[in-house]
Structure formats: C-alpha cells, structure tokens
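The following block contains the structure, expressed as structure tokens.
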Amino acid sequence: MSRLNLSEEEKAMLKRIAREAIEGVLFDKKPVPLEMPEIFEKKMGAFVTLHCKEDLRGCIGYIKGVLPLYKTIQEMAVQAAFHDPRFEPLRREEWDRVDIEISVLSPLRKIKDVEEIEVGVHGILIEKGFYTGLLLPQVATENNWDRAAFIAHTCHKAGLPEDAWKSKDASIYIFSAEVF
C-alpha cells in the first residue's frame, strides 16, 4: 500500500482547511483563499476526526476518492462537527478545546487472508450483504487490540456478529492512512 508522504506544510494546510470550514459555520467566517498543491486536487478518501479534550466529538469521512482532497477535508470537517449522528452539533464554547485529526486514505485493497492485516498499519472495511463497518488504523492501536479484536470490533461496528468475517459472502478490504 502506497504512502502519500504529505509534507508538514501540506498537512498544516489541510488542518487549516478543516479548521476554517468549521469556523465558517460556527462564526460565519469566510475562509482565506489558499494556493493548493497539485495533490490536493486528487480525488482521495479521507476522514476528519474531532476530539474535545480526550473524548471523541465527531468522525466522518469518505472511504473512496469522491471529491478532490481539499474539498473532502472541507466537507468532512463540517460533517464531523455538526452532522455526526452520535453527537450534538459542535457549539462555539467548545471550539477552543477541539483537536482536529485528519486521516488521508490509500485506495482499498480486497484481501483473501486476514493474516494480511497489519495492526496499526491497516484500517479495515468489512462488507456483508447490506452491512458495512470500517475502522481506521489508529483505532486498533489506541485500544491495544490485536488482529482478532480489531476484526471483531469492525464486524460489530457493521452491526454483524463478531465472527461474520468468516462467512463466504463477507468481503474484507484493507487500506493505510496518513494520520496527522
């Protein structure tokens, strides 16, 4: 799986894009136009995760490249802040305590053997029928999960039994993410 190797300046720009998108809604601020690096025009999957202190406050993204990267970051930042169904919309008084984490995803790769999953390196997408569950690579590391626990939790997130991945009609995809 290829790594993007975004520069520190590009990562800072993407965080600024996310921050300005949220501030645009919270405070009715207009973003400052930026000259975009060429890679930001590439259609890529990405997630924006918000934490307030240590607590998850929102996390939404596109698994696949639907929009140019900068647009994905703008839209997913707003979605994570105001439209994650697990949380109330972000409030102005919380803003100074919010940390933004961005995960830019590599393309998905279907696997035949779960031994291909490297905990802490790969994220997992499990599909079975109409059910889909995805966990980013950092989730396994943050929770000290081994491969079996990571797979079981991904099945659970999909609304499936923990061993549903063993079914012939289940598909497992892996991806890597550049997380910052």
Side-chain angles (χ1 to χ4, degrees), residues 1-8 10-12 14-15 18 37-51 54-73 75-77 79-80 84-87 99-180:
M1 311 217 101
S2 61
R3 304 275 316 166
L4 283 176
N5 295 321
L6 293 168
S7 71
E8 291 306 312
E10 289 166 336
K11 291 175 186 178
L14 288 173
K15 280 192 134 179
E38 194 174 311
I39 193 162
F40 288 13
E41 297 292 339
K42 189 174 178 185
K43 291 182 179 180
M44 303 172 87
F47 278 72
V48 175
T49 304
L50 306 178
H51 289 93
E54 302 275 321
D55 298 325
L56 180 64
R57 190 61 183 79
C59 180
I60 294 186
Y62 286 135
I63 299 166
K64 298 176 182 167
V66 178
L67 299 169
L69 179 59
Y70 81 94
K71 273 275 203 222
T72 295
I73 298 303
E75 288 191 17
M76 295 306 101
Q79 291 298 314
D84 186 326
R86 299 170 292 178
F87 303 98
D99 290 316
I100 299 172
E101 179 181 88
I102 295 174
S103 302
V104 180
L105 310 185
S106 71
L108 297 172
R109 180 170 65 85
K110 189 173 183 176
I111 62 171
K112 294 186 185 328
D113 186 348
V114 294
E115 294 296 316
E116 294 180 63
I117 298 168
E118 293 179 57
V119 174
V121 173
H122 295 131
I124 306 173
L125 171 71
I126 294 180
E127 294 180 336
K128 184 176 187 300
F130 296 108
Y131 297 92
T132 302
L134 177 138
L135 288 175
L136 296 169
Q138 60 268 37
V139 175
T141 308
E142 290 166 358
N143 290 286
N144 295 313
W145 292 338
D146 61 11
R147 182 183 295 124
F150 192 28
I151 296 166
H153 281 279
T154 307
C155 287
H156 178 74
K157 184 158 185 208
L160 296 165
E162 292 182 354
D163 64 348
W165 64 273
K166 295 177 182 178
S167 173
K168 286 187 182 5
D169 63 341
S171 297
I172 302 175
Y173 300 85
I174 58 173
F175 58 92
S176 59
E178 191 155 338
V179 182
F180 52 95

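In this chain, numbering begins with 1 at the start of the sequence shown. Predicted model only: the values in this text are computed from it and were never measured.
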Nearest heavy-atom approach of S103 to L136 is OG-CD1, 3.9 Å

Can you name the residues that form a salt bridge (Lys or Arg N to Asp or Glu O under 4.0 Å) with K11, not counting sequence neighbours? E8, E178

Kindly write out the residues that satisfy salt bridge (Lys or Arg N to Asp or Glu O under 4.0 Å) with E118, not counting sequence neighbours, or none if the list is empty. none

Show me the donor-acceptor pairs within less than 3.5 Å that the side chains of residues 124-135 make with the rest of the protein, sequence neighbours left out.
none

Donor-acceptor list for residues 145-152 side chains, cut-off 3.5 Å, not counting sequence neighbours:
residue: D146; atom: OD1; partner: A148; partner atom: N; Å: 3.3
residue: D146; atom: OD1; partner: A149; partner atom: N; Å: 2.8
residue: R147; atom: NE; partner: V114; partner atom: O; Å: 3.2
residue: R147; atom: NE; partner: I117; partner atom: O; Å: 2.9
residue: R147; atom: NH1; partner: E115; partner atom: OE1; Å: 3.2
residue: R147; atom: NH2; partner: I117; partner atom: O; Å: 3.0

Sequence neighbours excluded, which residues qualify as side-chain contact (heavy atoms from CB on, under 4.5 Å) partners of F87? L56, R57, D84

Under 3.5 Å, side-chain donor or acceptor atoms of residues 160-168 against the rest of the protein: list the pairs with distances, not counting sequence neighbours.
residue: S167; atom: OG; partner: D169; partner atom: N; Å: 3.4
residue: S167; atom: OG; partner: D169; partner atom: OD1; Å: 2.3

If you compare all heavy atoms of A46 against all heavy atoms of T72, which two are closest, and at what distance to 0.1 Å? CB-CG2, 3.9 Å

Nearest non-hydrogen partners of E75 and Y62, listed with the distance: OE1-OH, 3.6 Å

Determine the minimum heavy-atom distance between P107 and F175, stating which atoms define it. O-CB, 4.1 Å

Taking side chain to side chain donor-acceptor pair (under 3.5 Å) as the definition, give me every residue that meets it alongside Q79, ordered by chain and number, with sequence neighbours left out. none

When every non-hydrogen atom of M44 is compared with those of V104, the smallest separation belongs to CE-CG1, 3.8 Å

Between G120 and T141 the two heavy atoms that sit nearest each other are CA-OG1, 3.3 Å

Assess the residue pair E101 and F47 against the criterion (side chain to side chain contact (heavy atoms under 4.5 Å, CB included)); give the C-alpha distance rounded to whole Å, side-chain angles, the decisive distance to 0.1 Å, and a yes or no. CA-CA 8 Å; E101 179 181 88; F47 278 72; over 6 Å; no

Is atom NE2 of H156 surrounded by more than 12 heavy atoms (other residues, nucleotides or ligands) closer than 6.0 Å? no

Nearest 0.5 Å, what's the CD-NZ distance between E116 and K110? 12.0 Å

Audit row: E41, Y70, side chain to side chain contact (heavy atoms under 4.5 Å, CB included) steps and yes/no: CA-CA 7 Å; E41 297 292 339; Y70 81 94; 3.8 Å; yes

Any sub-3.5 Å donor-acceptor pair from K15's side-chain atoms to I100's backbone N or O? yes

Rounded distance [0.5 Å steps], CD1 in I172 versus CG in L108: 13.0 Å

State which residues pass salt bridge (Lys or Arg N to Asp or Glu O under 4.0 Å) with E54; sequence neighbours excluded, sorted by chain then number. none

Check: S106 side chain, S176 main-chain N or O, donor-acceptor pair, under 3.5 Å: yes

